[in-house]
Amino acid sequence: MRRIALLMVLLLSSTLVFAAGQGEGAGEATTEDRPVIRVLSGGWFGTDYNEVETTAILEERFGVDLEITTTGWGNEYRQRQQIIMASGDYPEIMTIDSNATEIEYATSGALLPLNEHFDDYPDLANYIPSEQWDVMRFPDGNIYTVPTTSALADGTPISQTRVQTYRSDWLEEMGFDVPETTEEYFDVAVAFSQDDPDGNGEDDTYALGGQDGAIQFFVGIMGAFGAGRNIWVEQDGEIVNLALQPGAKDALKFLNRLWDAGAIDPEFITDNNDRWRQKWLGGVHGAPYVFGHLADENNYDGYREQFKANVPGGEWVIGPPLVAPGYEDVAHAGEKLSTRGWMRASILAAAENAEAALPILDFMASEEGRLQYTYGEAGTDYEINDDGSVTVLADEERKAEYGINLYHVPIIRPASFAHMSAYYQDRLKEWEAERLTQAIDSILIDEVGEYNQILEDYVEDEFVKMIIGETPIDGGYERFVEEFNRRGGEELRQALNDAN
Amino acid sequence: MRYTRRKRLDRSKYLYVLLAAPVLYFLMFRYAPMFGLVIAFKDYNVFLGMIESEWVGLENFHDIFTSPDFWQVFRNTLIISLYKIVAGFPVPIVLALLMNEMRSVKFRRLTQTVLYLPYFISWTVIGTIILVIFSPTTGFMSQVSVWLTGGSRLNLLASRQYFRGILVITDIWKTAGWGTIIYLAALSTIDPQLYEAAIVDGANRWQQIWRITIPSIMGVIVLLLIMRIGWIMYAGFEQILVLQNPVVRDVSDIFDTYVYRVGLGRGQYSFTATAELFKSVTGLILIFGADRFAKVMGEEGLL
């Protein structure tokens with residue numbers, strides 16, 4: 001008896017070990033014979049794309065099982081991506097959000113050359129004009145990714161939706177005009193943070209905040225000096241970095257002045273996305289550089305509604321790109337997002353059902369697919385007006401159930417701003433006209449993959465330290481430039497200029 | 001001779017069966033993955049796999065030792081670990097001695113439970129609590145800093161001067177209570193006759209602790225210290241990952257966080273595997289060194 005019991009224990013433990021090793025593969029088989037299409041992408045607050053109606057419609061239409069995994073964006077997404085790639089268990093469709101990653105995967109032969117299938121999938125082939133496909137094309141002649149595109153109602157392409165915004169009720173109450181120069185901004189920023197604009201008797205408001213110490217929240221101000229983050233742009237025929245522009249040091253000094261004056265929320269270093277969002281919704285920040293659509297009257301993602309509930313009299317206005325004294329002749333609105341799309345859809349060649357993913361991309365690239373994913377069902381969920389603008393009819397509940405996300409499609413993101421207010425569309429156009437095109441977009445060389453992420457991390461860390469005075473800017477900025485070049489900045493600059 | 005060996009084997013066969021599971025575990029999950037270390041000598045490409053990737057010899061080691069990050073990460077790992085050992089190692093000993101002297105069993109049990117509790121809270125949760133306590137706008141600790149310095153409210157978590165201190169203090173808060181368990185067990189093995197004899201000789205409480213209690217648990221203390229030193233290259237991955245921000249990265253980036261960020265974030269697996277290998281070898285040397293030192297000092301040691 002004892003012997004049997006022992007044998008059982010041994011058997012059980014060995015099966016457990018075996019099962020632990022085998023678990024992943026065994027779980028994938030489906031009861032039906034439909035091929036599984038796994039999708040990996042960044043996601044948005046709380047949407048489970050496996051539950052929404054649009055996913056079921058796609059599954060029905062193409063006879064597949066969709067398994068959509070979403071995470072946050074940025075580093076969190078890239079880490080998840082790398083773990084999945086290292087496991088060798090490739091998803092069929094994957095979003096790529098950086099040139100470095102794309103170069104790494106494409107040159108390793110991991111991605112399916114989409115152009116080879118363009119003849120069979122005309123909607124995919126016609127998704128963007130051939131000039132833009134050329135921007136996507138690798139030196140080997142292949143196209144591996146489908147970019148997100150976005151346009152206004154009149155068809156103007158728009159890349160970046162962050163703009164300088166202000167609480168117009170505070171401006172009015174305190175007797176300020178919308179700032180046009182950095183000096184005017186400074187006065188407004190100090191008043192917004194020190195003079196108790198919300199009138200609650202507490203020192204609890206700031207001009208601007210941020211999350212995780214990210215510099216992108218200061219791009220509106222750095223742009224006024226013709227400077228920015230680790231972004232390569234072409235200027236007078238030469239490729240240069242915005243973080244190394246002559247105005248960069250002055251921009252950091254200006255930000256440091258704002259910091260010393262208490263105009264920047266000191267928690268911008270430690271706040272995460274959720275805490276930042278709660279502060280924006282609670283009316284804590286009065287002059288931030290944020291997505292302009294947050295306060296738009298079409299109530300994007302419910303932002304405006306929640307803000308209005310928290311701050312009944314609160315109103316927002318979008319200001320023009322700021323101009324710093326002495327920097328009148330530079331472009332002031334920072335950089336455009338990549339013309340290769342800030343996110344791109346790719347198909348992994350080694351995935352089990354790679355070819356079965358093509359018709360899905362093709363459908364999502366079609367006019368029909370794009371409208372359905374952006375706005376829902378024609379007639380019941382939206383109407384297209386004569387001027388090209390869109391009126392959204394679906395309420396929040398319907399949007400959530402159906403999966404109408406207006407921009408947030410995890411596969412291809414043909415974002416349209418056609419449903420935004422005319423005011424918002426005009427302001428966005430004004431900003432876009434002054435934005436700089438990223439030079440790296442059309443130069444897909446190995447050095448980008450090798451150095452650019454390292455440089456980006458380095459610039460972010462050092463700029464934050466200078467803004468809050470942990471590193472003195474005089475002397476500190478010069479050391480930063482030296483170290484930036486030592487870490488590959490100079491090598492990358494030369495390689496980019498040689499390849500240009 | 002052969003007969004007796006077989007007989008002995010036969011007699012203890014169930015013990016060998018019991019041993020099989022842990023041996024299997026170690027082979028599969030501890031030794032087999034070590035073959036992965038070959039990527040430290042390769043230019044590892046996830047799509048080519050471990051076998052197909054190109055051999056590069058010691059190139060990764062050259063890259064590591066010339067990288068500006070590496071020495072900073074090495075220094076941070078050692079400094080943070082040493083701070084934690086110097087400030088944190090004695091705390092559970094003192095706590096255990098204090099608890100040992102408590103007369104009320106009920107109160108002692110309650111104290112123990114309260115002290116153990118933080119150990120079971122994950123760093124993610126503690127991180128959120130710390131963010132609130134240290135908030136420069138509403139947090140209690142930043143108010144304390146105003147009282148102490150008379151200056152303005154500081155974001156202590158974004159201060160390179162205070163960040164390591166915060167790491168050490170929160171680490172002690174979380175682990176010290178749990179660390180008392182082994183000492184309390186060691187204390188319970190001390191022969192009460194020793195104390196009785198000391199009382200007869202007129203020793204007071206303090207003298208009893210100094211002359212009997214501490215010497216009795218010295219072996220355990222040395223053993224734990226050696227083991228702790230073996231862990232010196234692990235300076236607290238989860239804790240730092242949760243609390244770190246861009247401002248304090250250069251004073252708090254340790255091997256584990258660096259490998260996690262660079263290896264996974266940038267996909268530089270070979271580079272970070274090399275860093276891990278270096279870390280492990282250093283840890284091994286340190287544990288042998290500490291063991292030898294303990295033996296020289298007349299203690300039992302570990303090996």
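Throughout, protein chains are lettered first and strands after them, A, B, ... in sequence-line order, and every chain is numbered starting at 1.
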Residue of the set D461(A), T270(A), V464(A) for which side-chain contact (heavy atoms from CB on, under 4.5 Å) holds with V247(B): V464(A)
For R160(B), is it the side chain, the backbone, both, or neither that has a heavy atom closer than 4.5 Å to a heavy atom of chain A? both
Shortest non-hydrogen separation from A158(B) to E470(A) and the atoms involved: O-OE2, 3.7 Å
Considering only heavy atoms, which portion of Q81(A) lies under 4.5 Å from any heavy atom of chain B: side chain, backbone, both, or neither? neither
Under 4.5 Å from any heavy atom of chain A, what part of S159(B) do you find: side chain, backbone, both or neither? both
Taking every heavy atom of K465(A) against every heavy atom of P246(B), the minimum-distance pair comes out as CE-O, 4.3 Å
How long is the straight-line distance from CZ of R261(B) back to CD of Q79(A), given to the nearest 0.5 Å? 9.0 Å
Within this structure, what is the CD1-CG distance for the pair I269(A) and L157(B), rounded to the nearest 0.5 Å? 9.5 Å
Is I468(A) close to chain B through its backbone or its side chain, or both, or neither, when contacts mean heavy atoms under 4.5 Å? side chain
Taking all non-hydrogen atoms of both residues, which atom of Y206(A) and which atom of T137(B) are closest, and how far apart? OH-CG2, 2.8 Å
Count the heavy atoms of every other residue, nucleotide or ligand shown that sit under 6.0 Å from CH2 of W231(B), and state whether that count exceeds 12. no
Within a reach of under 6.0 Å around CZ of F120(B), are more than 12 heavy atoms found that belong to other residues, nucleotides or ligands? yes
Quiz question: by atom type and distance under 3.5 Å, do the side chains of S108(A) and N45(B) form a donor-acceptor pair? yes
Heavy-atom proximity to chain B below 4.5 Å, by part of Y90(A): side chain
Please classify the contact between Q268(B) and chain A as side chain, backbone, both or neither, with a heavy-atom cut-off of under 4.5 Å. side chain
Over all atoms of both residues, closest heavy-atom pair of P266(A) and N155(B): O-ND2, 2.8 Å
Note: vs chain A, highest number of non-hydrogen pairs under 4.5 angstrom among V248(B), D69(B), V262(B) is D69(B)
Enclosure of F237(B) CZ (heavy-atom neighbours >12, cutoff 6.0 Å): yes
Select one option (side chain, backbone, both, neither) describing which atoms of Y269(B) are under 4.5 Å from chain A's heavy atoms. side chain
Which bit of R80(A) comes within less than 4.5 Å of chain B, counting heavy atoms only: side chain, backbone, both or neither? neither
Tell me whether the count of non-hydrogen atoms from other residues, nucleotides or ligands lying under 6.0 Å of CG in L27(B) goes above 12. yes
Rounded distance (nearest 0.5 Å) linking atom CG of L131(B) with atom CG of D271(A): 8.0 Å
Return the CD to CG distance between E267(A) and N245(B), rounded to the nearest 0.5 Å. 12.0 Å
Can you confirm whether E478(A) is buried at CD, in the sense that more than 12 heavy atoms of other residues, nucleotides or ligands lie under 6.0 Å from that atom? yes
Inspect the contact between D457(A) and R249(B) and indicate whether a charged nitrogen and a carboxylate oxygen are less than 4.0 angstrom apart. no
